[in-house]
Amino acid sequence: DIQSRAEIVVKNSLVKLTFDGTGHLNQVEMNGVTENIRQDFYYYNGAAGNNAEFKNRSSGAYIFRPNGTEILIGNTVSFSVYEGAQVKEVHQRFNQWVSQVIRIYEGVNRVEFEWLVGPIPINDNIGKEVITRFNSTIKSNGVFYTDSNGREMLRRERNKREYFKPNMTEAVSGNYYPVTARIAIEDATKRIALLNDRAQGGSSLKDGALELMLHRRLLRDDAFGVGEALNETAFGQGLVARGKVYLVLGKVKDAPSRYERVEQQQIHLPFWKFFSSASKAS
Amino acid sequence: DDNLNQLRHAMGVMQHHDAITGTEKQHVAQDYDRLLTAAIESAQTNARLALQKLTNLTSGEFVSCLQLNISVCDFTKDGANQVVVTLFNPLARPSTQYVRVPVKNEAYIVTDDTGRVVQSDLLPVPSEVQALSFRSKRATHELVFSAYVEKLRSYYIKKRVNRRSVDDQTGVQLNGWEDENISEAKLKARPL
């Protein structure tokens with residue numbers, strides 16, 4: 001019944017999320033800002049070659065080298081909404097190997113995306129590298145920011161380097177940077193930041209867009225030393241990865257970076273949980 | 001010291017650039033898993049002893065569920081009728097965070113260390129996570145509650161029995177269920 005509606009709204013006292021008829025998130029409202037934010041999953045096919053020459057290099061453990069442009073995962077998303085008193089969840093299924101839970105907690109000024117990717121299929125003999133991308137209307141003019149190992153934010157400019165003019169032979173990976181805590185874009189009024197729970201690669205390949213690499217499964221060695229393809233398995237199948245990305249949207253004039261930093265610390269240093277049975281407790 | 005040294009040694013090995021970037025061979029990655037798991041389990045003994053001294057749970061097991069990230073904790077799913085969740089806040093300031101505990105699909109009541117009822121939600125673990133082959137017959141739901149912790153605090157999770165009530169301190173609706181022992185704990189906790 002819920003899927004026949006044109007638009008689904010999930011909200012609490014601080015955050016309002018709007019999903020379109022296809023089940024994709026397409027608008028976020030928080031901190032007095034409303035922004036059309038569409039979230040999707042894509043994958044890049046990994047380049048495969050014999051590594052004999054530069055142009056024949058394969059994507060592997062050391063290098064990310066996509067072969068062609070990204071491929072969208074899931075035009076239509078099946079989903080269910082669960083509304084508790086304190087937490088509201090949207091469980092989305094993009095295909096057989098990509099799903100996600102989007103969560104908002106009462107009193108918490110961020111949106112949580114808990115992704116589940118894998119096992120990445122390789123029966124077509126092509127390695128794949130899965131990303132999530134958030135598109136918005138923010139006019140970022142090619143500029144984005146990534147953290148420096150959880151410390152200060154560094155300014156990155158698409159297709160540029162700080163001290164030299166690069167020969168950009170790799171349009172995608174040439175613009176990827178390490179993201180260990182945070183990646184952000186902004187214009188004169190609005191700012192979007194993504195906070196992650198682990199070191200990932202990330203970029204802003206178009207104005208208003210942010211993407212993070214979530215999981216990879218590749219079938220060729222890249223000849224940089226490891227001597228085997230990045231094709232991890234567990235229990236006889238490709239690895240399944242689960243993790244979280246958090247989105248914070250705010251007004252630039254409110255200096256949201258300060259708030260993001262506090263959130264980032266909580267994400268990286270959550271409570272340690274210890275369990276005991278009460279019958280043994282005094 | 002022996003317990004902690006095992007973790008120190010494992011963390012020393014993990015400083016290798018292959019461990020940091022993930023460019024190790026698959027069998028080396030599995031060996032890193034083995035080393036780290038053994039080291040964490042070893043250091044857990046010290047954490048348990050320290051927590052037994054710091055809390056009033058002198059004989060508490062203080063089990064760390066290392067698979068909470070995939071909503072798996074056999075201790076809470078199959079454990080006693082009442083489970084104590086002791087939270088240690090590693091931040092240098094008090095913090096309020098939501099806690100997720102994997103449980104069975106039953107009715108629960110959460111109370112804090114003063115016996116006050118804490119509002120909680122019971123939500124299903126996503127079907128895609130439940131379907132993972134290595135996760136079969138594990139928790140189907142997660143109990144979610146908000147916890148305020150300065151440094152160390154315990155919360156109590158108990159299965160509900162049939163009795164209608166509203167918490168008269170917090171006004172929280174107990175969905176028509178309350179436990180007799182919880183009422184008693186609440187009475188004791190009231191300020192004189």
Side-chain angles (χ1 to χ4, degrees), chain A residues 60-62 80 82-89 91-93 96-101 103 105-108 112 114 116 118 197 199 216 222 224-237 240 242-244 262 265-266 268-282, chain B residues 18 20-26 29 47-48 51 55-65 68-70 73 75-76 79-91 95-99 101 119-124 126-129 132-134 144-147 149 154 156-158:
Chain A
Y62 295 84
S80 322
Y82 297 91
E83 297 210 326
Q86 297 181 100
V87 57
K88 302 196 177 354
E89 297 191 349
H91 294 204
Q92 296 174 306
R93 184 187 173 93
Q96 281 193 317
W97 46 279
V98 176
S99 60
Q100 178 177 252
V101 179
R103 277 188 196 108
Y105 288 104
E106 191 54 54
V108 177
E112 179 179 305
E114 188 169 41
L116 182 82
D197 63 345
R216 321 170 67 205
D222 57 14
F224 278 100
V226 67
E228 62 184 39
L230 187 64
N231 181 11
E232 295 171 280
T233 55
F235 303 98
Q237 357 172 15
V240 182
R242 192 188 195 195
K244 290 178 183 174
V262 173
Q265 287 168 344
Q266 284 200 10
H268 285 251
L269 289 169
F271 293 158
W272 296 1
K273 302 173 192 79
F274 297 92
F275 302 99
S276 307
S277 52
S279 56
K280 292 192 179 177
S282 58
Chain B
D18 277 350
I20 289 166
T21 57
T23 49
E24 74 281 56
K25 283 182 188 287
Q26 181 68 44
R48 183 181 304 119
L51 288 167
T55 65
N56 63 348
L57 308 173
T58 48
S59 57
E61 294 98 328
F62 297 103
V63 173
S64 314
C65 287
L68 279 176
N69 64 325
I70 54 167
C73 180
F75 189 88
T76 58
N81 279 343
Q82 189 169 348
V83 170
V84 189
V85 186
T86 305
L87 302 169
F88 173 78
N89 175 9
L91 293 165
S95 175
T96 301
Q97 294 177 27
Y98 279 90
V99 177
V101 180
Q119 199 169 39
S120 59
D121 286 328
L122 187 72
L123 290 141
S127 52
E128 293 79 13
V129 176
L132 296 172
S133 57
F134 54 88
V144 185
F145 60 92
S146 173
V149 182
S154 291
Y156 296 79
I157 299 172
K158 188 158 191 181

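So that the names make sense, note that chain A is the first sequence line, chain B the second, and so on, each numbered from 1.
Comparing B:Cys73, B:Gly22, B:Pro124, B:Ser154 by heavy-atom pairs within less than 4.5 Å of chain A, the highest count is held by B:Pro124. The choice from B:Val63, B:Leu68, B:Val85, B:Thr96 that makes the most heavy-atom pairs within less than 4.5 Å of chain A is B:Val63.
Taken to the nearest 0.5 Å, the CG atom of B:Leu123 stands 6.5 Å off from the NE2 atom of A:His91. Note: A:Lys244 NZ to B:Asn69 CG = 9.0 Å, rounded to the nearest 0.5 Å.
Using a 4.5 Å cut-off on side-chain heavy atoms (C-beta onward), B:Thr23 and A:Phe224 make no contact. For the pair A:Phe274 and B:Arg48, the minimum side-chain heavy-atom distance is 4.5 Å or more. Counting heavy atoms from C-beta outward, A:Trp272 and B:Pro90 have side chains that approach closer than 4.5 Å.
Contacts of B:Thr55 with chain A are absent, with no heavy-atom separation under 4.5 Å from either backbone or side chain. Of the two parts of A:Val240, only the side chain, counted from C-beta on, holds a non-hydrogen atom closer than 4.5 Å to a non-hydrogen atom of chain B. Both the backbone and the side chain of B:Leu87 come within contact range of chain A, judged by heavy atoms closer than 4.5 Å. Heavy-atom distances place the side chain of A:Leu116, and not its backbone, under 4.5 Å from chain B. Both the backbone and the side chain of B:Val129 come within less than 4.5 Å of a heavy atom of chain A. Residue contact with chain A, scored on non-hydrogen atoms closer than 4.5 Å, involves the side chain of B:Thr76 exclusively. Interface remark: A:Val87 contributes backbone and side-chain atoms alike to the contact with chain B (heavy atom separation under 4.5 Å). At a 4.5 Å heavy-atom cutoff, B:Leu122 makes no contact with chain A through either its backbone or its side chain. Contacts of B:Ile20 with chain A are absent, with no heavy-atom separation under 4.5 Å from either backbone or side chain. Of the atoms belonging to B:Asn89, heavy atoms from both backbone and side chain fall under 4.5 Å from chain A. Interface remark: A:Arg103 contributes side-chain atoms only to the contact with chain B (heavy atom separation under 4.5 Å). Interface remark: B:Ala147 contributes backbone and side-chain atoms alike to the contact with chain A (heavy atom separation under 4.5 Å). Both the backbone and the side chain of A:Val262 come within contact range of chain B, with heavy atoms under 4.5 Å apart. Looking at B:Phe75, only its side chain comes within 4.5 Å of chain A, counting heavy atoms on both sides.
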From CA spacing to verdict: side-chain contact (heavy atoms from CB on, under 4.5 Å), A:Phe275, B:Cys65: CA-CA 8 Å; A:Phe275 302 99; B:Cys65 287; 3.9 Å; yes
Starting from the C-alpha separation in whole Å, work towards a yes-or-no answer on side-chain contact (heavy atoms from CB on, under 4.5 Å) for A:Tyr105 and B:Val144. CA-CA 10 Å; A:Tyr105 288 104; B:Val144 185; 3.8 Å; yes
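Of the possible donor and acceptor atoms, none in the side chain of B:Glu128 sits under 3.5 Å from a partner among the backbone N and O of A:Val98. With hydrogens and angles disregarded, no donor-acceptor distance shorter than 3.5 Å links the side chain of A:Gln266 to the backbone of B:Gln97. Using modelled atom types, one side-chain atom of A:Gln86 and one backbone atom of B:Gln119 make a donor-acceptor pair closer than 3.5 Å.
Among the candidates A:Arg242, A:Gln100, A:Arg93, A:Gln92, the single residue satisfying the side chain to side chain contact (heavy atoms under 4.5 Å, CB included) test with B:Pro126 is A:Arg242.
Scanning all heavy atoms of the two residues, the minimum distance from A:Phe271 to B:Ser95 falls at CZ-O, 3.3 Å.
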